[in-house]
Participant: 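Just dropping this structure here.
Because the structure is a prediction, the values reported are computed rather than measured. Any value given below was found using the heavy atoms of this structure, including those in side chains, with hydrogens, waters and symmetry copies removed. Order of listing sets the numbers, starting from 1, for every ligand and every atom in it.
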Amino acid sequence: MTQDELKTLVGQAALHYVVPGSIVGVGTGSTVDKFIDALAASGIAIKGAVSSSLRSTERLQALGITVLDAGEVQSLPVYIDGADEIDHAGHMIKGGGAALTREKIVADLADRFICIADESKLVSLLGKFPLPVEVIPMAAAQIARRFEAIGARAVLRAGCITDNGCQILDVHGLQIAEPIAFETDVNQWPGVVTVGLFARKPASVCLLGTAEGVKTISF
Ligand code: 5RP
């Protein structure tokens with residue numbers, strides 16, 4: 001199966017976690033696009049969705065799904081999103097699509113984070129995928145120097161302005177052995193808006209697309 005077919009498979013499998021009549025938290029990316037398409041085609045009646053990006057909002061609305069503001073809801077039963085890497089404890093690197101800040105906000109509203117990913121995303125140690133960090137532009141160089149000081153290399157994502165008007169540093173050369181501690185630490189650096197480590201609130205379930213079908217990993 002191609003990577004695209006695996007994404008379709010897990011996008012479809014995620015429907016099982018959608019609570020009829022509820023509001024669904026929706027992430028961002030090519031895998032989530034498959035979920036949005038499957039949701040629209042499924043006929044499952046939902047009140048609407050809270051979206052983590054302008055990209056997902058446009059897709060949801062184009063398919064007739066109502067999009068609510070995060071501020072209008074107090075909680076969500078599930079948040080469904082992809083990942084750039086996920087480890088065996090459900091810790092994730094996210095932000096390849098530059099939507100990490102809104103993704104973290106919507107994920108925080110949810111009781112359960114359902115991660116949908118093809119099998120290439122499952123890793124033993126996070127960090128091979130460059131860690132996205134959203135930063136206030138005036139602090140970008142200063143934050144890059146902090147990463148250099150710990151032996152990593154932060155590269156400003158060219159031409160990328162986030163939905164929040166900020167910039168992204170992609171940090172290469174990390175081996176993140178203690179994701180919760182590292183997320184907590186980088187969160188404190190002045191000018192960091194969001195670090196693309198989702199470890200303090202990890203995935204609850206990962207639906208992993210494999211050649212043998214969808215593997216469900218519960219954390
Ligand atoms: C966007 C994300 C995505 O979930 C992540 O990049 C995975 O994307 P894809 O499903 O296209 O592989 O974090 O900010």
Participant: Mind checking whether A98 has a heavy atom under 4.0 Å from ligand 1?
Facilitator: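 A98: in contact with ligand 1 (<4.0 Å).
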Participant: Please could you name the atoms of ligand 1 that G95 approaches to less than 4.0 Å, counting only its heavy atoms?
Facilitator: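 In order of number, 2 (C), 13 (O), 14 (O).
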Participant: Show which atoms of ligand 1 fall inside a sub-4.0 Å distance from at least one heavy-atom site of G82.
Facilitator: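 Per the distance check, 4 (O).
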Participant: For R200, which of D108, T184, N187 qualifies under side-chain hydrogen bond (donor to acceptor under 3.5 Å, both in side chains)?
Facilitator: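 It is T184, the one option of D108, T184, N187 that forms the side-chain hydrogen bond (donor to acceptor under 3.5 Å, both in side chains) with R200.
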Participant: Please find the pair of heavy atoms, one from K94 and one from L100, that lie closest to each other, and give the distance.
Facilitator: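 Where K94 meets L100 most closely, the heavy atoms are O-CB, 4.2 Å.
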Participant: Where on P132 is there a heavy atom closer than 4.0 Å to ligand 1, on the side chain, on the backbone, on both, or on neither?
Facilitator: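 No part of P132 comes within reach of ligand 1.
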Participant: When only distance counts, is A99 in polar contact with ligand 1, meaning an N/O pair under 3.5 Å?
Facilitator: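 There is such a contact, yes.
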Participant: Could you tell me, atom by atom, which parts of ligand 1 come under 4.0 Å of a heavy atom of D84?
Facilitator: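 Heavy-atom distances to D84 below 4.0 Å select 5 (C), 6 (O), 7 (C), 13 (O).
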Participant: Heavy-atom distances under 4.0 Å decide this one: backbone, side chain, both or neither, for V32 against ligand 1?
Facilitator: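 None of V32 does.
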Participant: Is it true that S120 and D118 share a donor-acceptor pair across their side chains at a distance under 3.5 Å?
Facilitator: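 Looking only at side-chain atoms, S120 and D118 do form a donor-acceptor pair, the distance falling under 3.5 Å.
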Participant: Tell me the nearest of E85, E134, E103, K104 to atom 14 (O) of ligand 1, using heavy-atom distances.
Facilitator: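 Heavy atom nearest to atom 14 (O) of ligand 1 belongs to E103.
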Participant: For a quick test of your reading: what N or O donor-acceptor pairs under 3.5 Å do the side chains of residues 14-25 make, sequence neighbours left out?
Facilitator:
| from | atom 1 | to | atom 2 | distance (Å) |
| --- | --- | --- | --- | --- |
| S22 | OG | V19 | O | 2.6 |

Participant: Suppose I only count heavy atoms of K94 and a 4.0 Å limit; which atoms of ligand 1 are within that range?
Facilitator: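 Listed by number with element, the hits are 2 (C), 3 (C), 4 (O), 13 (O).
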Participant: Check this for me, if you would: do E183 and K104 make a salt bridge, where the nitrogen-to-carboxylate-oxygen distance has to be below 4.0 angstrom?
Facilitator: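 Salt bridge: yes.
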Participant: Counting N and O atoms only, with roles assigned by atom type, does the side chain of E85 sit under 3.5 Å from a partner on the main chain of G127, one being a donor and the other an acceptor?
Facilitator: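 A pair under 3.5 Å: yes.
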Participant: Measure from the side-chain N and O atoms of D81 to the backbone N and O of T28, and report whether any donor-acceptor pair falls under 3.5 Å.
Facilitator: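 Yes.
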Participant: Looking only at heavy atoms, is any part of A117 under 4.0 Å from ligand 1, and if so is it the side chain, the backbone, or both, or is it neither?
Facilitator: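 Neither; no heavy atom under 4.0 Å.
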Participant: Between T101 and T194, is any side-chain donor less than 3.5 angstrom from a side-chain acceptor?
Facilitator: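 Judged by distance alone, the side chains do pair up.
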Participant: Considering the heavy atoms of D81, write down every atom of ligand 1 situated less than 4.0 Å from one of them.
Facilitator: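 Close to D81: 4 (O).
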Participant: Can you list the ligand 1 atoms lying under 4.0 Å from a non-hydrogen atom of G96?
Facilitator: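 Reading through ligand 1 atom by atom, the close ones are 6 (O), 13 (O), 14 (O).
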Participant: Name the closest protein heavy atom to atom 10 (O) of ligand 1, giving the residue it belongs to and the distance to 0.1 Å.
Facilitator: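 Protein heavy atom at minimum distance: T31 OG1, 2.5 Å.
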Participant: In ligand 1, which numbered atoms sit nearer than 4.0 Å to a non-hydrogen atom of G29?
Facilitator: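 Ligand 1 atoms under the 4.0 Å threshold to G29: 11 (O).
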Participant: So, the side chain of K34 versus the backbone of K7: is there a donor-acceptor pair under 3.5 Å, distance only?
Facilitator: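 No; zero donor-acceptor contacts below 3.5 Å.
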Participant: Can you report which non-hydrogen protein atom sits closest to atom 12 (O) of ligand 1, along with the distance?
Facilitator: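 Looking at atom 12 (O) of ligand 1, the protein heavy atom closest to it is K121 NZ, 2.8 Å.
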Participant: Determine, for R55 against D33, whether the closest basic-nitrogen to carboxylate-oxygen distance falls under 4.0 angstrom.
Facilitator: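 Answer for the salt bridge query: yes.
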Participant: Donor-acceptor check, side chain of R59 to backbone of D37, threshold 3.5 angstrom: yes or no?
Facilitator: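 Answer holds: no.
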Participant: Of all the non-hydrogen atoms in the protein, which one sits nearest to atom 3 (C) of ligand 1, and at what distance?
Facilitator: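 Result: T28 O, 3.2 Å.
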Participant: To check your reading of the model: name the closest protein heavy atom to atom 9 (P) of ligand 1, its residue, and the distance in Å.
Facilitator: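 For atom 9 (P) of ligand 1, the nearest protein heavy atom is S30 OG, 3.3 Å.
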